[in-house]
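Proteins get letters first, then strands, A, B, ... in listed order; numbering begins at 1 in each.
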Amino acid sequence: MEENYLEKLNEPQRLAVEATEGPVMVIAGAGSGKTRVLTYRIAHLLHKGVDAFNILSLTFTNKAAREMKERIGNVVGDANAKSLWMGTFHSVFARILRVEAPLLGYPSDFTIYDQQDAVSVMTKIINEMHLDKDIYKPKQVLGRISQFKNNLITVRAYHNNQALIEADNEAMKPRMGDIYRAYVDRCFKSGAMDFDDLLLRTNEILTRFPEVLAKYQERFKYIMVDEYQDTNHSQYLIVKALASRYENLCVVGDDAQSIYAFRGANIRNILSFKQDYPDAKLYPLEQNYRSTQMIVEAANHIIKHNQDQLEKNVWTANEDGEKIAVYRGLSDADEARYIATQIWERQISEHLQPKDFAILYRTNAQSRALEEALRKRGISYRVFGGTSFYQRKEIKDMVGYMRLLINQNDEEALLRTVNYPARGIGQTTITKLLVAADQYNISLFNLIENIAMYAPNIGINAGTSNKLNDFALMIKRFQVMLKTHNVYEVTMEMAKTTQLLNALKEDSTPEGVSRLENVQELLNSIQGYVEEQQQLDEGDSSLGGFLENIALATDADNEDEDDNKVNLMTVHLAKGLEFPVVFIAGLEENLFPSMMSVNTRAELEEERRLFYVALTRAEKVAYFTYSVSRFRWGKIIDCEPSRFLEEVDDRFLDWKNLNINVRASNNSGLSADLFGDEPSPQQYQQREKAVARQNPNQRKVIESQPKANFKPVNKTSASANGNSNAQGLQVGQVVVHDRFGRGVVKDLQGEPSDMKAIIYFDNAGEKKLLLNFAKLKIVQ
DNA sequence: GAAACTTCCCTTTTT
DNA sequence: GGGAAGTTTC
């Protein structure tokens, strides 16, 4: 236990940490040490003798949870930190639902449908109901249903709510209620929950089963919620229910950083905390430790344009800092080139590394131009977000089979896999099956496994019937195999038997090769997962556990072993992060603020908060850039500077190229500026040498494959903290493992990057451990 | 039933 | 400019 940890806090921080009993709200301005407070508060609870088992901490991202756990481990020791429940709402309540969902008639191995699955279900429903998909746009309809669910409006409640029905009638969608019912039924029959269900069903259980509620109230005596301003109504109710017995609830947030209203976040949750808990203690954190005076004041100045906000006075004792540079590009390529050049120059002049830079933008699509400019400069970078690894077709195919093994009623998984790789089961057959399954009210898989019985009645010939039967038998066989073999072995066998690997191997195009690599990467990560989980006390090396992890994993969670790269991400993903130098790109009307968000004041204020979040990520230096034209939807369009730029007082800004006075509609002078400050090849080489001298270890890597974003999931406390070390381990050495205790290394196998050790433990016998995951201390 | 070809959306942000 | 869905052809 680290001593004197309280001395590392300022006065309000310390008070917030010490107020462990009763409701507490911490209003934490940007950069004011919010994470520090949460971390030390938990450490303080443990120090006071509270059992880690009784603490629940809800964070906004898995990444935040992991980092916090690590930091707590540093203060109180890993063993103590281990049994803390810490994670996102979705992951924590998914875990609870694995136990409790059967109360509602769900299988405990329920599938979690991602956005793609949900859209696919919805598209089918709208087709089957013969509705016009231009009026009932699947994504829009799902958005509406998401609103219902996040406000706990069930299908029945909807049908009893005249106001909602009228609103949908007026929106020309009178069938909304029927669609909602069909969607919920369909998911239920598939044994599947979407993201919103994870919260809605938790609420349902806590309301309908008081003994279950009591169990978790008793367990979670101390509850902490990070980013409280971004909780929606459903999350709010869960927290309220769980905390209502002991009321040891601590919420931390900043109304100025609420940026998730579009997915139901309700800023009122933070504004009305004092009404919900009249005894609540309030601790405002106003000293910013992150940024320069310039950045803090400019950010304060920006957020003042919003009407809806709590009075706050964020200040800093840091240095003045330089003004915010504003650059106007003539095209998105020009804007990107400017940014790349600035990164290049600052790396040399300020001794900065690639990882010290972040480029933030409003939409994922903006990354392309930026990537290209960085590649041209030979600057290594990393893109967060966008199409994630698990959304790729080849991965979803593979995962489809895996899902089917643990939940054979998962209709989306079945439809995806039944004819891939092609086995002669086409659209006509599928349609017949869907109709029949509905008619007999059984699941698709159920129908297929008894197809011989049904085939004559539903017009399926003997040949097709056999093919379907073979498919069902194959799935059954793997289900049996799962009982005796580990997940990796089964998956590998499945990839071979289904010809999935072979089909990919035959494709020698670059895309095909990359697909095969992705599948291999997935297989590796399964192997890593199995071995890692086997080493944890509460490890879950089951297929279900793996699938849950990847369903709730996001791209921001993936860690790259080489993270010294320029960071590219949306502003949303940047929340909670900080970087010495930040570029905010694409500050144009209809882009930032988004075209979709300029109609109401509330929407516009959320965009402004987003701008505030972006700027407050910067520690030392910030840049604003925009362009007068941009490639969008395959066309070049003219752009106007963002209204947000005009809102910022000039005393904060350093306009870089005002002298080139070109209107968006006038292209004269374009060529001169577009290529004006490109360095000559000689200058280029000199700079490269300068960088190499300054930083000999850093080789310039050209990075483009999204694959590089991917790491084995759930990499909790691996080698990063230094006490485990794959390098330098030798046969014959004595090591100590967290769980297995003392052992002797018998053998080492595999590549250095993926090495396994056979270790004979005094108390646990012989184990094969992956050194990337195993926490080993070398004793002699 | 499957491959080749064409058209249509798309871009707001994410668990 | 790109990926998915729909359409045509074998």
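In this entry the distance linking OH of Y420(A) with C1' of dA2(B) reads 14 Å, nearest Å. Distance H572(A) NE2 to dT14(B) P: 7 Å, rounded to the nearest Å. At whole-Å resolution of the value, CD in E227(A) and P in dT15(B) are 12 Å apart. In this structure, Q115(A) atom CD and dT14(B) atom P are separated by 12 Å, rounded to whole Å. Regarding F592(A), its CZ atom lies at a distance of 12 Å from the P atom of dT13(B), rounded to whole Å. As a whole-Å value, the separation of K432(A) NZ from dG1(B) C1' is 12 Å. Atom CG in L604(A) sits about 15 Å away from atom C1' in dT13(B), given to the nearest Å. Atom-to-atom, CG of D230(A) to P of dT14(B) comes out at 13 Å; the value is rounded to the nearest Å.
Not counting sequence neighbours, the partners of S234(A) by the side chain to side chain donor-acceptor pair (under 3.5 Å) test are N203(A). Residues satisfying the ring pair (Phe, Tyr, Trp, His ring centres under 6.0 Å) criterion with Y401(A), sequence neighbours excluded, are absent altogether. Looking at residues two or more places apart in sequence or on another chain, you find no side chain to side chain donor-acceptor pair (under 3.5 Å) involving T498(A). Take T111(A) and apply the side chain to side chain donor-acceptor pair (under 3.5 Å) test, not counting sequence neighbours, and it matches N407(A), D410(A). For the ring pair (Phe, Tyr, Trp, His ring centres under 6.0 Å) test, no residue two or more places apart in sequence or in another chain qualifies with Y183(A). Residues passing the ring pair (Phe, Tyr, Trp, His ring centres under 6.0 Å) test with F631(A), sequence neighbours excluded: none. In this view, D540(A) and S542(A) satisfy the side chain to side chain donor-acceptor pair (under 3.5 Å) rule, not counting sequence neighbours. Every residue two or more places apart in sequence or in another chain that forms a side-chain contact (heavy atoms from CB on, under 4.5 Å) with K432(A) is listed here: T428(A), I460(A).
A salt bridge is absent between E548(A) and R95(A): the closest approach of a Lys/Arg side-chain nitrogen to an acidic carboxylate oxygen does not fall below 4.0 angstrom. Salt-bridge annotation for K124(A) and E412(A): present, with a side-chain N of the basic residue lying under 4.0 Å from a carboxylate O of the acidic one.
If you check residues 423-430 of chain A against DNA chain B, the residues with a heavy atom closer than 4.0 Å are G424(A), G426(A), T428(A), T429(A), listed by number. Applying a 4.0 Å cut-off to non-hydrogen atoms, the residues of residues 193-205 of chain A that approach DNA chain B are F195(A), listed by residue number.
Taking only side-chain nitrogens and oxygens, N364(A) comes nearer than 4.0 Å to OP1 or OP2 of dT14(B).
The distance between the ring centers of H305(A) and Y612(A) does not fall below 6.0 angstrom.
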Is there a side chain to side chain contact (heavy atoms under 4.5 Å, CB included) between L591(A) and Q366(A) once you walk through the steps? CA-CA 10 Å; L591(A) 185 58; Q366(A) 285 166 259; 3.7 Å; yes
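Within the nucleic acid shown, Y260(A) comes within 4.0 Å of sugar-phosphate atoms alone, with no base atom in reach, counting heavy atoms only. Nucleic acid contact class of N419(A) (heavy atoms, under 4.0 Å, all strands): sugar-phosphate only.
Judged by ring centres under 5.5 Å apart and planes tilted less than 30 degrees, F262(A) stacks against the six-membered base ring of dT13(B).
Within 6.0 Å of CZ in R268(A) there are 12 or fewer heavy atoms belonging to other residues, nucleotides or ligands.
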Distances for protein N/O vs nucleotides 7-11 of chain B N/O pairs under 3.5 angstrom?
{"residue": "dT11(B)", "atom": "OP2", "partner": "K139(A)", "partner atom": "NZ", "Å": "3.1"}

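The aromatic rings of F60(A) and Y260(A) sit tilted, their planes meeting at an angle between 30° and 60°.
Where DNA chain C meets chain A (any atom under 4.0 Å from a heavy atom), the bounding nucleotides read 5' to 3' are dG1(C) to dG2(C).
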